Each structure stands twice: as C-alpha cells, then as structure tokens.
Asker: 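Here you go, one structure.
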Amino acid sequence: MRFVLNWLLTSIAISIAAFLVPGIEPFGPADPWICFAFVGLFLGFVNSLVKPLLTVISLPVTILTLGVFQLVINSFMLELASWLSVNLLGAGISISGFGAAFFGAIVVSIMCAILGVATSDA
C-alpha cells in the first residue's frame, strides 16, 4: 500500500512540476494524468535501481560540490524516467532541455517532501 501512495504522490509532484516549469509537458495520446502516472512509476523504479549506483560513482564530485551535484543526478533521473515512459509505454512527459529537467527535479523533490510529510504516519 505504501508503494501505491508513493507512486501517487510522485505523480502529483510531476504534474505540479509540469504546471510550474516551462519546458515540461505531457506527451502522448493518453490523458495528462496517465502520462504523469507513467512517469511517476518509472521515476520510482529509476530512483530505486539506478540512482544509488550513480550516487556512489559520483561521490567525489558530490563531496567537492558540497552536495549540489545531487541536483544534477536528480535531473538525470527525471530525464531517464521520462525517456523510459515515452519509449516503452508511448506516453509520458516531454522535457525540452537540461534546464527544464533541473528545475523540474527541484520542484518534484520539494513537492514529494511536502506531500510525504503531509501523509506521514506520525
């Protein structure tokens, strides 16, 4: 049940990022909420499978930049999730460039944190 809640919260955060960040928009023949759900699903998989490996590999750069490089990694994870959802399922989000992915990843991270606190079991 926790997986479904995290998937829903991530999908909501991606839809908010698409609303706030120019250059991120739903893509494909499906309804926008289905596009956001597909990207949210793939973002969960990418964050659990690929992100730990990239975090370990980029640890020296992350230490040198005092953690700021993690924002770049989050941008690549959003970009990868978008690419996977569009190419495997035919619907997802279109990201116009790295700047849009960067600010979109920041918005998604902030919104997931806010929504996670709002739904946490205290």
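Nothing here was measured: the structure is a model prediction, and the numbers come from that model.
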Asker: Other members of the hydrophobic cluster containing I63, with the 4.5 Å side-chain heavy-atom rule, please.
Answerer: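 Taking Ile, Leu, Val, Met, Phe, Trp and Tyr as members, I63 shares its hydrophobic cluster with L59.
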
Asker: State yes or no: do L54 and V68 share one hydrophobic cluster built from I, L, V, M, F, W and Y residues joined by side-chain heavy-atom distances below 4.5 Å, directly or via other members?
Answerer: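 Yes; V68 is reachable from L54 via cluster members.
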
Asker: Compare every heavy atom of A91 with every heavy atom of A30, then report the nearest pair and how far apart it is.
Answerer: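 That closest heavy-atom pairing would be CB-CB, 4.0 Å.
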
Asker: Which pair of heavy atoms, one from E79 and one from A101, lies closest together, and at what distance?
Answerer: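 In this case the closest contact between E79 and A101 is OE1-CB, 3.6 Å.
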
Asker: Taking all atoms of both residues into account, what is the closest heavy-atom pair of I93 and V86, and its distance?
Answerer: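 Looking at all heavy atoms of both residues, the closest pair is O-CG2, 3.9 Å.
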
Asker: Would you indicate whether the side-chain heavy atoms of W33 and S15 approach each other to under 4.5 Å?
Answerer: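 When only atoms from C-beta onward are counted, W33 and S15 do not touch, as no gap falls below 4.5 Å.
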
Asker: Is there a side-chain contact between V108 and L43 (heavy atoms, below 4.5 Å)?
Answerer: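 They are in side-chain contact.
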
Asker: Sequence neighbours left out, what passes side chain to side chain contact (heavy atoms under 4.5 Å, CB included) with F98? Give chain and number order.
Answerer: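 Scan of F98 (side chain to side chain contact (heavy atoms under 4.5 Å, CB included), adjacent residues dropped) gives V72, S75, F76, F102.
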
Asker: Looking at CG of N6 and CG of L115, how far apart are the two atoms once the value is rounded to the nearest 0.5 Å?
Answerer: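 Rounded to the nearest 0.5 Å, the CG-CG separation comes out at 10.5 Å.
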
Asker: Check the pair Q70 / T55 against side chain to side chain contact (heavy atoms under 4.5 Å, CB included), numbers first and verdict last.
Answerer: CA-CA 8 Å; Q70 278 298 107; T55 301; 3.8 Å; yes

Asker: Calculate, to the nearest 0.5 Å, the distance between atoms CG and CG belonging to N47 and L80 respectively.
Answerer: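 Between atom CG of N47 and atom CG of L80 there are 9.5 Å.
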
Asker: If the condition is side chain to side chain contact (heavy atoms under 4.5 Å, CB included), which residues does L5 pass it with, not counting sequence neighbours?
Answerer: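 Result, side chain to side chain contact (heavy atoms under 4.5 Å, CB included) vs L5: R2, L9, T119.
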
Asker: Could I get the full list of ring pair (Phe, Tyr, Trp, His ring centres under 6.0 Å) partners for F27, not counting sequence neighbours?
Answerer: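 By the ring pair (Phe, Tyr, Trp, His ring centres under 6.0 Å) rule, F27 matches no residue at all.
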
Asker: With hydrophobic residues grouped by side-chain heavy-atom distances under 4.5 Å, do V50 and F45 end up in a single group?
Answerer: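 No; tracing contacts between hydrophobic side chains, which count when under 4.5 Å, never links both residues.
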
Asker: Can any side-chain N or O of S58 pair as donor or acceptor with the backbone N or O of T62 at less than 3.5 Å?
Answerer: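 Checked: no pair found.
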
Asker: With N74, which residues qualify under side chain to side chain donor-acceptor pair (under 3.5 Å), at least two apart?
Answerer: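 Partners of N74 under the side chain to side chain donor-acceptor pair (under 3.5 Å) test: K51.
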
Asker: For I110 and V107: C-alpha separation, side-chain torsions, deciding distance, then whether side chain to side chain contact (heavy atoms under 4.5 Å, CB included) applies.
Answerer: CA-CA 5 Å; I110 291 171; V107 171; 5.9 Å; no

Asker: Membership question, hydrophobic clusters at under 4.5 Å side-chain separation (ILVMFWY): are L66 and V61 in the same one?
Answerer: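 No; tracing contacts between hydrophobic side chains, which count when under 4.5 Å, never links both residues.
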
Asker: How far does CD1 of I24 sit from CZ of F103, to the nearest 0.5 angstrom?
Answerer: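 If we round to the nearest 0.5 Å, I24:CD1 and F103:CZ are 10.5 Å apart.
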
Asker: How many angstroms lie between OG in S11 and CG in L41, if you round to the nearest 0.5 Å?
Answerer: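 Atom-to-atom, S11:OG and L41:CG are 8.0 Å apart.
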
Asker: Same hydrophobic cluster for L71 and I57, using side-chain heavy-atom links shorter than 4.5 Å among ILVMFWY?
Answerer: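 As far as the 4.5 Å side-chain criterion goes, I57 and L71 are not connected within one cluster.
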
Asker: Just verifying a value: how many Å separate S82 OG and F38 CZ, rounded to the nearest 0.5 Å?
Answerer: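 Going from the OG atom of S82 to the CZ atom of F38 covers 13.0 Å.
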
Asker: On a heavy-atom basis, which atom in L78 and which in G104 lie closest, and how many Å separate them?
Answerer: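 So the minimum-distance heavy-atom pair works out to CD2-C, 3.8 Å.
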
Asker: Would you check if the side chain of W7 reaches a backbone N or O of A37 as a donor-acceptor pair within less than 3.5 Å?
Answerer: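 Flag set: sc W7 to bb A37 pair under 3.5 Å.
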
Asker: Looking only at heavy atoms, what is the nearest atom pair of V39 and A81, with distance?
Answerer: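 The answer is O-CB, 4.1 Å.
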
Asker: List the atom of A100, the atom of I95, and the distance in Å for their closest heavy-atom pair.
Answerer: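 Scanning both residues completely, I find the closest heavy atoms to be CB-CG2, 4.0 Å.
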
Asker: Is there a path of hydrophobic side-chain contacts, each under 4.5 Å between heavy atoms of I/L/V/M/F/W/Y residues, joining L53 to V56?
Answerer: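 V56 and L53: separate clusters.
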
Asker: When rounded to the nearest 0.5 angstrom, what is the spacing between CD1 in I114 and CD1 in I12?
Answerer: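 Those atoms lie 13.0 Å apart.
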
Asker: Under a single-linkage rule joining Ile, Leu, Val, Met, Phe, Trp and Tyr whose side-chain heavy atoms are separated by less than 4.5 Å, which residues share a cluster with L64?
Answerer: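 In the cluster with L64 there is nothing else; it is isolated.
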
Asker: Assess the residue pair M111 and I14 against the criterion (side chain to side chain contact (heavy atoms under 4.5 Å, CB included)); give the C-alpha distance rounded to whole Å, side-chain angles, the decisive distance to 0.1 Å, and a yes or no.
Answerer: CA-CA 9 Å; M111 292 311 301; I14 291 169; over 6 Å; no

Asker: Considering residues, nucleotides and ligands other than F3, do more than 12 of their heavy atoms fall under 6.0 Å from its CZ?
Answerer: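 Yes - once you tally the heavy atoms of other residues, nucleotides and ligands closer than 6.0 Å, there are more than 12.
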
